[in-house]
Amino acid sequence: MEITCLKLGAKRKMLKNNFRFFIVGALPFFTIILLTIVNYYFINNIKRIDFLSSYNDAIRMSLIVFAVIFSFCLWKGISLCSQNYFFQKASGNKIKFFKSIKSISFSQYNSFLGVTIIKGLLVISLCALYYLPCLAVSALLIYSYRYESYGFNVNLTLFVSSVLLFIIGSIFLFVTLKRYSFTTYIIFTERERNPLKAITRSIEIMENHSIQYSFYCLSFLGWVLSCIFIIPIVYAVPYICLSKWCYIHFIEKKSQKETESEKPIIFYIQRKVEN
C-alpha cells in the first residue's frame with residue numbers, strides 16, 4: 001500500500017511537468033552519447049596530427065587520457081545536477097532546473113565523484129565475488145566439452161548449474177548494490193565530504209530495506225521494457241527517477257521515526273525531603 005502511494009505521489013508531481021522532467025532525466029544519457037561521439041572523432045583526428053616532437057605517442061596518449069577523464073567528470077557533474085533536480089521535486093520544492101544547479105557546491109560534486117569511483121571499484125569486486133562460482137563451473141564445462149568425453153548428461157548438468165549460479169549471483173549483486181542507494185541523498189542533505197563515510201551511512205540507512213527497495217525497482221521493469229518502442233521513454237524516464245527519489249525520502253522518514261521510538265525512557269525519582 002505504501003509503495004502504491006509513493007508511485008501515485010510521483011505521478012501527481014509529474015502533472016503538467018512531464019516533458020520538462022523527461023529532458024532533465026534524459027540529460028545524462030544525451031550527454032554520454034554526445035561525449036562518446038566527440039571523443040571518437042577527437043581520438044581519430046589526434047592520431048593524424050604530427051606534433052613535431054620525438055614524444056608524439058606520449059603527447060597523443062596524454063591528450064586522449066585527459067579527454068576521457070574530462071568527459072567522465074563532465075558527465076558525472078550533469079548527472080549530479082539531474083539527480084538534485086529530482087531530489088528537490090520529490091521533496092516538494094518548487095524550483096527550476098538552473099536554480100537547482102546553483103544549490104550544488106563544489107565539495108558536493110567532489111564527494112559525488114569520489115563516491116562514484118569507489119562504488120565502481122565495489123561493483124568490480126562484488127562481480128568477481130558473486131560470479132566466481134559461475135565462472136568456475138563454466139570453465140569446467142568448457143574443459144569437459146573440449147578435452148574430455150564425460151557425456152551429454154554431465155555437460156548438461158554443468159551448463160544448467162552455471163546458468164543457475166549466474167542468476168543467483170545476479171540477484172545477490174542487484175540486492176547488494178541497493179545498499180549504496182542513499183549516497184547521493186546523504187551528499188545533498190548531510191553534506192558529507194568523505195565518500196567512504198557517505199557509503200557507510202548509506203549502508204546503515206538501507207539496513208533491512210535493500211530487498212524491499214530491490215522489489216520496488218523491479219516493479220518498473222515493465223516500463224523499462226516498454227522503452228524499446230521509444231515513445232514510452234518520455235513518460236517512463238521521469239516517472240522512474242521521481243519514484244525512486246520518493247522512495248528514498250520515505251525510507252529516510254521511516255528510519256528517523258524508528259530512531260526516535262528507540263530512545264530510552266529515563267525515570268527521575270525525586271528524593272524525599274525530611275522535615
Side-chain angles (χ1 to χ4, degrees), residues 3 28-29 32-33 35-36 39-40 43 61 64-65 68-69 71-73 75-76 79 83 111-186 194-228 236 240-241 244 247-248 251:
I3 302 301
F29 301 102
I32 193 64
I33 293 172
L35 289 174
T36 302
N39 284 327
Y40 173 77
I43 292 171
M61 185 57 64
I64 292 172
V65 171
V68 172
I69 294 175
S71 300
F72 175 77
C73 294
W75 171 52
K76 296 314 296 183
S79 299
Q83 291 192 45
S111 300
F112 180 74
L113 203 60
V115 166
T116 302
I117 295 172
I118 294 174
K119 284 168 67 175
L121 296 174
L122 287 172
V123 169
I124 295 173
S125 302
L126 291 171
C127 285
L129 175 64
Y130 291 137
Y131 291 129
L132 184 61
C134 174
L135 292 174
V137 175
S138 299
L140 184 61
L141 172 63
I142 295 172
Y143 177 81
S144 172
Y145 180 78
R146 297 185 65 177
Y147 301 105
E148 300 291 343
S149 56
Y150 291 130
F152 174 78
N153 291 334
V154 174
N155 291 335
L156 179 62
T157 302
L158 291 174
F159 174 75
V160 173
S161 300
S162 63
V163 172
L164 290 176
L165 287 172
F166 177 80
I167 294 173
I168 294 171
S170 300
I171 293 172
F172 274 93
L173 178 65
F174 184 76
V175 175
T176 303
L177 292 179
K178 293 297 171 284
R179 300 189 303 168
Y180 313 129
S181 302
F182 255 82
T183 51
T184 308
Y185 179 86
I186 292 166
N194 191 328
L196 290 174
K197 290 184 179 179
I199 292 175
T200 304
R201 175 71 178 137
S202 174
I203 294 173
E204 292 175 356
I205 296 175
M206 287 299 291
E207 188 71 27
N208 300 324
H209 297 296
S210 296
I211 296 177
Q212 184 189 40
Y213 185 51
S214 298
F215 280 111
Y216 182 75
C217 292
L218 288 174
S219 66
F220 299 104
L221 184 60
W223 283 106
V224 174
L225 295 177
S226 69
C227 292
I228 298 174
I240 294 172
C241 292
K244 288 182 178 180
Y247 182 88
I248 289 175
I251 292 297

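- Expressed to the nearest 0.5 Å, how far OG1 of Thr200 lies from CZ of Arg179 amounts to 10.0 Å.
- Distance check: Leu135 CG to Cys127 SG gives 10.0 Å after rounding to the nearest 0.5 Å.
- In this structure, Ile43 CD1 and Met61 CE are separated by 9.0 Å, a value rounded to the nearest 0.5 Å.
- Looking only at side-chain heavy atoms (C-beta outward), Ser210 and Thr176 stay at 4.5 Å or farther from each other.
- Side chains of Tyr185 and Gln83: no donor on one and acceptor on the other come within 3.5 Å.
- Ile205 has its side chain within reach of Ile186: a pair of non-hydrogen atoms, C-beta onward, lies under 4.5 Å apart.
- The two residues Met206 and Lys178 have their closest heavy-atom pair at CE-O, 3.4 Å.
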Task: side chain to side chain contact (heavy atoms under 4.5 Å, CB included) evaluation trace for Tyr180 with Val115 - done: CA-CA 9 Å; Tyr180 313 129; Val115 166; over 6 Å; no
Task: Test side chain to side chain contact (heavy atoms under 4.5 Å, CB included) applied to Ser111 and Asn194, step by step - done: CA-CA 6 Å; Ser111 300; Asn194 191 328; over 6 Å; no
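- Within the 4.5 Å cutoff, the side chain of Phe174 has heavy atoms near those of the Cys217 side chain.
- Ser144 places no side-chain N or O within 3.5 Å of a backbone atom of Leu141 that could act as its donor or acceptor partner.
- Enclosure of atom CZ in Phe159 is not indicated, since only 12 or fewer non-hydrogen atoms of other residues, nucleotides or ligands lie within 6.0 angstrom.
- Rounding to the nearest 0.5 Å gives a distance of 12.0 Å between CD1 of Ile117 and CG of Leu122.
- A 4.5 Å side-chain heavy-atom check between Ile251 and Gln212 finds at least one atom pair inside the cut-off.
- Nearest approach of Pro195 to Ile118, heavy atoms of both residues: CB-CD1, 3.7 Å.
- Around the CD1 atom of Ile211, the shell of radius 6.0 Å holds no more than 12 heavy atoms that belong to other residues, nucleotides or ligands.
- For the residue pair Tyr131 and Gly169, the shortest heavy atom distance occurs at CE2-C, 4.0 Å.
- For the pair Ser202 (side chain) and Ala198 (backbone), a donor-acceptor distance under 3.5 Å is absent.
- Across all their heavy atoms, Asn39 and Ser71 have their closest contact at ND2-OG, 2.9 Å.
- How far CD1 of Ile168 is from CG of Leu173: 13.5 Å, rounded to the nearest 0.5 Å.
- At most 12 non-hydrogen atoms from other residues, nucleotides or ligands lie less than 6.0 angstrom from CZ of Phe29.
- Between the CZ atom in Phe172 and the CG atom in Leu129 there is a gap of 10.0 Å [rounded to 0.5 Å].
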Task: Candidate pair Val68 and Phe72, rule side chain to side chain contact (heavy atoms under 4.5 Å, CB included), full reasoning - done: CA-CA 6 Å; Val68 172; Phe72 175 77; 5.6 Å; no
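- Taking the six-membered ring where the residue is Trp, Tyr216 and Tyr213 present parallel rings, their angle staying beneath 30° rather than reaching 60°.
- Neither side chain, Ser170 nor Tyr130, offers a donor N or O lying under 3.5 Å from an acceptor on the other.
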Task: Criterion side chain to side chain contact (heavy atoms under 4.5 Å, CB included) on Leu158 and Tyr145, from CA distance to verdict - done: CA-CA 10 Å; Leu158 291 174; Tyr145 180 78; over 6 Å; no
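- Side-chain contact check for Phe182 versus Arg201: every heavy-atom pair is 4.5 Å or farther apart.
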